**Q** 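One structure follows; several queries about it will come next.
Order of the sequence lines sets the chain letters (A, B, ...), proteins ahead of strands, with each chain counted from 1. Fair warning: this is a prediction, and the values are worked out from it, not measured in the lab.
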Protein chains: 2
Amino acid sequence: MTRAATTATHAGGHLVAALDRAGHRLTGPRRSVADLVAARDGHFTAADLVEDARRQGIGRATVFRSIDLFTSLGLVERVDLPGGEHAYVACETAHHHHAICTSCGRSFDVDDAGLSEVLGTIGHRSGFRVTAHRLEIFGLCAACQR
Amino acid sequence: MTRAATTATHAGGHLVAALDRAGHRLTGPRRSVADLVAARDGHFTAADLVEDARRQGIGRATVFRSIDLFTSLGLVERVDLPGGEHAYVACETAHHHHAICTSCGRSFDVDDAGLSEVLGTIGHRSGFRVTAHRLEIFGLCAACQR
DNA sequence: TTCCACGTGAGACACAGTATCATGTAGGAC
DNA sequence: GTCCTACATGATACTGTGTCTCACGTGGAA
């Protein structure tokens with residue numbers, strides 16, 4: 001459960017660093033998109049990001065390309081909200097799952113908590129060999145329950 | 001589209017029955033879409049169904065309306081494949097999860113297998129009150145492992 | 001400083017899903 | 001069986017999301 005919300009001028013610093021590590025160019029637009037992603041407190045839609053970016057003179061295509069890039073590096077993940085809409089969340093690279101607060105929209109990383117045993121059980125019972133899975137959790141965060 | 005006279009002429013019978021039970025009209029197009037859904041052996045995309053339906057003279061809008069209807073009755077569920085594409089699967093109404101074979105595309109319903117305890121643990125640890133969740137499992141079914 | 005592969009913005013495009021509206025029809029009333 | 005009306009339908013326009021193309025710009029190694 002991590003909320004990395006620094007107010008540094010370059011909140012997207014770790015995203016930029018990851019780009020660099022992966023051998024991608026550190027261009028102005030990419031830095032800006034990284035900052036916008038990091039500044040988002042919770043999940044965000046492509047439209048949100050495109051709108052923010054447009055105000056800084058960054059084009060739609062670049063935003064989608066950057067999201068792609070971050071996604072391929074595991075820094076951003078796509079989630080599907082209960083209503084069926086898409087959103088993205090910034091996250092750390094290790095395998096984990098998201099708990100999304102339906103009230104405030106924030107997303108929280110949660111660890112395995114025994115899920116792998118459950119998947120093992122399912123596989124064992126049904127003969128299915130599990131190679132990937134996706135768990136999304138929706139509910140109310142501690143703050144919103146008050 | 002060949003309506004194989006061998007097996008049940010109305011593969012979508014239980015879908016039609018569910019529509020009836022819920023007080024919806026049993027129109028020709030709806031019966032046809034129900035049959036098409038039931039005939040699909042695994043997940044299918046909206047495009048698949050639209051194409052099948054078009055050959056029978058059924059319009060796009062009607063296909064989407066029917067999917068909506070089946071979804072609202074819990075007879076069809078929307079899933080998101082690992083690649084990010086959308087698909088639909090026919091399923092029973094009780095709460096359950098899908099295991100999707102990445103080789104043959106068939107989907108299998110799996111039961112809880114301890115997931116609710118895992119969600120309880122997560123909630124307990126983090127103070128998050130879980131109200132909904134979605135678990136999708138990808139891998140190889142028993143047949144495709146051979 | 002130079003140079004070029006990679007990145008960019010603009011805008012056309014593709015596709016999924018929704019909305020609108022005139023027409024058609026299921027199925028209850030009689 | 002027939003009538004009638006609320007609901008369903010097909011055609012088509014529209015919206016939103018994401019991709020592709022292409023000429024131009026630029027990061028960063030040499």
**Q** Would you mind reading off the distance between Arg78(A) atom CZ and dT17(D) atom C1', rounded to a whole angstrom?
**A**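 Computing the Arg78(A):CZ to dT17(D):C1' distance gives 8 Å.
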
**Q** Rounded to the Å, how far apart are Leu69(B) CG and dC7(D) C1'?
**A**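 Those two atoms, CG and C1', are 12 Å apart.
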
**Q** Does one side chain, of His86(B) or His86(A), offer a donor that lies under 3.5 Å from an acceptor on the other?
**A** yes

**Q** With a 3.5 Å cut-off and no angle check, do the side chains of Thr71(A) and Asp68(A) form a donor-acceptor pair?
**A** no

**Q** How many whole angstroms separate atom CG of Leu19(A) from atom P of dC6(C)?
**A**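 The distance from CG of Leu19(A) to P of dC6(C) comes to 16 Å, rounded to the nearest Å.
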
**Q** Phe64(B) CZ to dG16(D) P: how many Å, rounded?
**A**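 The answer, rounded to whole Å, is 17 Å.
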
**Q** Heavy atoms under 4.0 Å, any strand shown: does Arg30(A) hit a base, just sugar-phosphate, or nothing?
**A**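 Arg30(A): backbone/sugar contact only, no base atoms under 4.0 Å.
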
**Q** Roughly how far, to the nearest 0.5 Å, is the CG atom of Leu119(A) from the CD1 atom of Ile137(B)?
**A**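 Answer rounded to 0.5 Å: 5.5 Å.
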
**Q** So, OP1 or OP2 of dT8(C): does either fall under 4.0 Å of a side-chain N or O from Thr27(A)?
**A** yes

**Q** Will you find, in the side chains of Asp35(A) and Ser32(A), an N or O donor that is under 3.5 Å from an N or O acceptor?
**A** no

**Q** Checking all strands, does Gly28(A) fall into the base, sugar-phosphate, or nothing category for heavy-atom contacts under 4.0 angstrom?
**A**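 No contact.
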
**Q** Is any side-chain nitrogen or oxygen of Tyr88(B) closer than 4.0 Å to OP1 or OP2 of dA16(C)?
**A** no

**Q** Starting at atom CG of Asp48(A), determine the distance to atom C1' of dG18(D), rounded to an integer number of angstrom.
**A**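 In whole Å, dG18(D) C1' and Asp48(A) CG are 15 Å from each other.
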
**Q** By nearest heavy atom, map Gly23(A) and His86(B) onto DNA chain C; which one lands nearer the 5' end?
**A**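 Nearest nucleotide further toward 5': that of Gly23(A).
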
**Q** Between the base of dG28(C) and the side chain of Arg25(B), is there a donor-acceptor distance below 3.5 Å?
**A**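 Side chain to base: no pair present.
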
**Q** In whole Å, what is the span from the CZ atom of Arg55(B) to the C1' atom of dG10(D)?
**A** 19 Å

**Q** Atom CG of Leu26(B) and atom P of dG28(C): how far apart are they, to the nearest Å?
**A** 10 Å

**Q** Quick one: label Ala46(A) by what it contacts on the DNA or RNA (base, sugar-phosphate, nothing), any heavy atom closer than 4.0 Å.
**A** sugar-phosphate

**Q** Which whole-number value in Å describes the distance from Arg65(A) CZ to dG9(C) P?
**A**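 Nearest whole value for this atom pair: 7 Å.
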
**Q** Check this for me: does the side-chain of Arg60(A) come within 3.5 Å of the base of dA10(C) through a donor and an acceptor?
**A**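 A donor-acceptor contact between them is absent.
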
**Q** Measuring from Phe128(B):CZ to Arg106(A):CZ, what's the distance to the nearest 0.5 Å?
**A**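 If we round to the nearest 0.5 Å, Phe128(B):CZ and Arg106(A):CZ are 11.5 Å apart.
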
**Q** Counting heavy atoms from C-beta on, name the nucleotide in dG17(C), dG10(D), dA16(C) closest to the side chain of Ile58(B).
**A** dG10(D)

**Q** Counting heavy atoms from C-beta on, name the nucleotide in dT19(D), dG27(D), dA8(D) closest to the side chain of Asp68(A).
**A** dT19(D)

